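What you see is a predicted model; the values in this text were computed from it and never measured.
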Amino acid sequence: MTVRFFSFGKDSMVDTFYAIGLVMRLCQSLSLLELLHIYVGIESSHLLPRFLQLTERIIILFVVITSQEEVQEKYVVCVLFIFWNLLDMVRYTYSMLSVLGISYAVLTWLSQTLWMPIYPLCVLAEAFAIYQSLPYFESFGTYSTKLPFDLSIYFPYVLKIYLIMLFMGMYFTYSHLYSERRDILRVSSMKKKKT
């Protein structure tokens with residue numbers, strides 16, 4: 001008799017949203033507290049780049065994935081959840097220890113480096129999720145509305161505009177995170193030399 005500990009078949013990837021969608025929605029909602037932490041000064045980071053990252057996720061999770069049941073069954077949802085959680089696991093561990101005044105060089109380096117390949121892949125996966133959702137938004141008319149005076153909002157067009165903004169936001173966020181990485185690693189290496 002063979003025991004399988006990990007089974008990554010078609011069903012496990014398709015059922016990702018059904019298995020952990022509620023937890024992901026709760027965690028991503030709670031991540032908005034991060035903006036408050038930055039504003040109050042608990043966390044020393046810039047507000048705008050973090051705001052862009054969090055709104056990306058909220059829009060993709062709540063507007064695109066949660067609202068379209070057909071999108072919830074796509075492989076891209078599993079990939080997105082893996083990327084998001086991988087980044088958050090390292091970033092939140094680093095942030096929590098930093099607030100407590102604890103610093104590990106390896107964790108600092110990992111926190112400041114892991115996002116470099118993963119963040120662009122997240123944005124590509126988010127864009128792919130939007131692309132896959134477009135036919136469903138078109139056929140079901142979700143969020144599309146007719147306004148008075150012969151004016152209407154066709155939501156697939158809104159998503160296409162958002163795709164452009166997503167990549168522009170990625171450039172801004174990536175540039176900011178790269179300069180923040182350079183500064184943090186410089187300070188970290190200076191502290192290491194002093195001790």
Original post:
Could you walk me through whether Glu126 and Arg57 pass the salt bridge (charged side-chain N to carboxylate O under 4.0 Å, His left out) check?
Top reply: CA-CA 8 Å; Glu126 290 167 359; Arg57 290 184 183 189; 5.3 Å; no
Subject >> Stepwise side chain to side chain contact (heavy atoms under 4.5 Å, CB included) test for Tyr178 and Gln112 >> reply: CA-CA 8 Å; Tyr178 187 78; Gln112 298 303 318; over 6 Å; no
**OP:** Go through Tyr92 and Glu34 one step at a time and tell me if the side-chain hydrogen bond (donor to acceptor under 3.5 Å, both in side chains) criterion holds.
**Re:** CA-CA 10 Å; Tyr92 286 135; Glu34 202 173 336; 2.6 Å; yes
**OP:** Carefully, step by step, assess Ile38 and Phe51 under the rule side chain to side chain contact (heavy atoms under 4.5 Å, CB included).
**Re:** CA-CA 10 Å; Ile38 293 169; Phe51 174 78; over 6 Å; no
**OP:** Begin with the C-alpha distance, continue with both residues' side-chain angles, and end with the deciding distance and a verdict on side-chain hydrogen bond (donor to acceptor under 3.5 Å, both in side chains) for Trp84 and Glu56.
**Re:** CA-CA 11 Å; Trp84 287 349; Glu56 262 176 42; over 6 Å; no
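Heavy-atom neighbours of Phe62 CZ from other residues, nucleotides or ligands within 6.0 Å: above the threshold of 12. Heavy atoms of other residues, nucleotides or ligands lying less than 6.0 angstrom from CZ of Phe172 number more than 12. More than 12 heavy-atom neighbours from other residues, nucleotides or ligands sit within 6.0 angstrom of CD on Glu138. Around atom OH of Tyr119, more than 12 heavy atoms belonging to other residues, nucleotides or ligands sit under 6.0 Å away.
Atom CD1 of Ile118 sits about 12.0 Å away from atom OG1 of Thr113, to the nearest 0.5 Å. Atom SG of Cys27 sits about 10.0 Å away from atom CG of Leu61, to the nearest 0.5 Å. A distance of 9.0 Å separates OH of Tyr136 from CD of Gln68, quoted to the nearest 0.5 Å. Rounding to the nearest 0.5 Å places CG of Leu114 at 8.0 Å from CE of Met89. The CD atom of Glu70 sits 13.0 Å away from the CD1 atom of Ile65 when rounded to the nearest 0.5 Å. The structure places CZ of Arg50 at 8.5 Å from CG of Leu35, a figure rounded to the nearest 0.5 Å.
Between Tyr174 and Trp115, the ring-plane angle classifies as perpendicular under the 30° and 60° cut-offs.
Across every non-hydrogen atom of Leu80 and Cys122, the tightest pair is CD2-O, 3.8 Å. The minimum heavy-atom distance linking Arg181 with Met116 is given by the pair NE-SD, 3.5 Å. Taking both residues in full, the closest heavy atoms of Ala129 and Val64 are given as O-CG1, 3.9 Å, listed atom of the first, atom of the second, then distance. The two residues Pro156 and Leu134 come nearest to each other via the heavy atoms O-CD2, 3.8 Å. His176 and Pro49 get closest at one heavy-atom pair: CD2-CG, 3.1 Å. Taking every heavy atom of both residues into account, Ile58 and Gln28 meet most closely at CD1-O, 3.6 Å.
Screening Leu124, Ile161, Val123 against Leu166 for a side chain to side chain contact (heavy atoms under 4.5 Å, CB included) leaves a single residue, Val123.
A chain of hydrophobic side-chain contacts below 4.5 Å, direct or via other Ile, Leu, Val, Met, Phe, Trp or Tyr residues, connects Leu151 to Ile153. In the hydrophobic cluster analysis, where Ile, Leu, Val, Met, Phe, Trp and Tyr join through side-chain heavy atoms closer than 4.5 angstrom, Ile102 is grouped together with Leu185. Leu110 and Leu86 end up in the same hydrophobic cluster when Ile, Leu, Val, Met, Phe, Trp and Tyr side chains are linked at under 4.5 Å. Hydrophobic clustering, with ILVMFWY side chains joined whenever heavy atoms are under 4.5 angstrom apart, groups Leu121 together with Val77. A chain of hydrophobic side-chain contacts below 4.5 Å, direct or via other Ile, Leu, Val, Met, Phe, Trp or Tyr residues, connects Met24 to Leu32.
Within the 4.5 Å cutoff, side-chain heavy atoms of Ile20 are placed close to those of Thr16. At a threshold of 4.5 Å between non-hydrogen side-chain atoms, the residues Leu26 and Leu22 do not count as touching. For the pair Thr142 and Phe155, the minimum side-chain heavy-atom distance is 4.5 Å or more. No side-chain heavy atom of Val71 sits under 4.5 Å from any side-chain heavy atom of Phe17. In this structure, the side chains of Ser103 and Thr108 come closer than 4.5 Å at one or more pairs of heavy atoms.
Here Tyr157 pairs with nothing under the side chain to side chain donor-acceptor pair (under 3.5 Å) rule; sequence neighbours left out. In this structure Thr55 satisfies the side chain to side chain donor-acceptor pair (under 3.5 Å) test with no other residue, sequence neighbours excluded.
Although no hydrogens or angles enter the test, the distance criterion places a donor-acceptor pair under 3.5 Å between the side chain of Ser133 and the main chain of Ile130. No donor-acceptor distance shorter than 3.5 angstrom exists from the side chain of Ser111 to the backbone of Leu107, with no hydrogens or angles considered. Remark: side-chain polar atoms of Gln72 are paired, donor with acceptor, to backbone N or O of Thr66 under 3.5 angstrom.
Thr173 and Gln53 form no side-chain donor-acceptor contact under 3.5 Å, judged by distance and modelled atom types alone.
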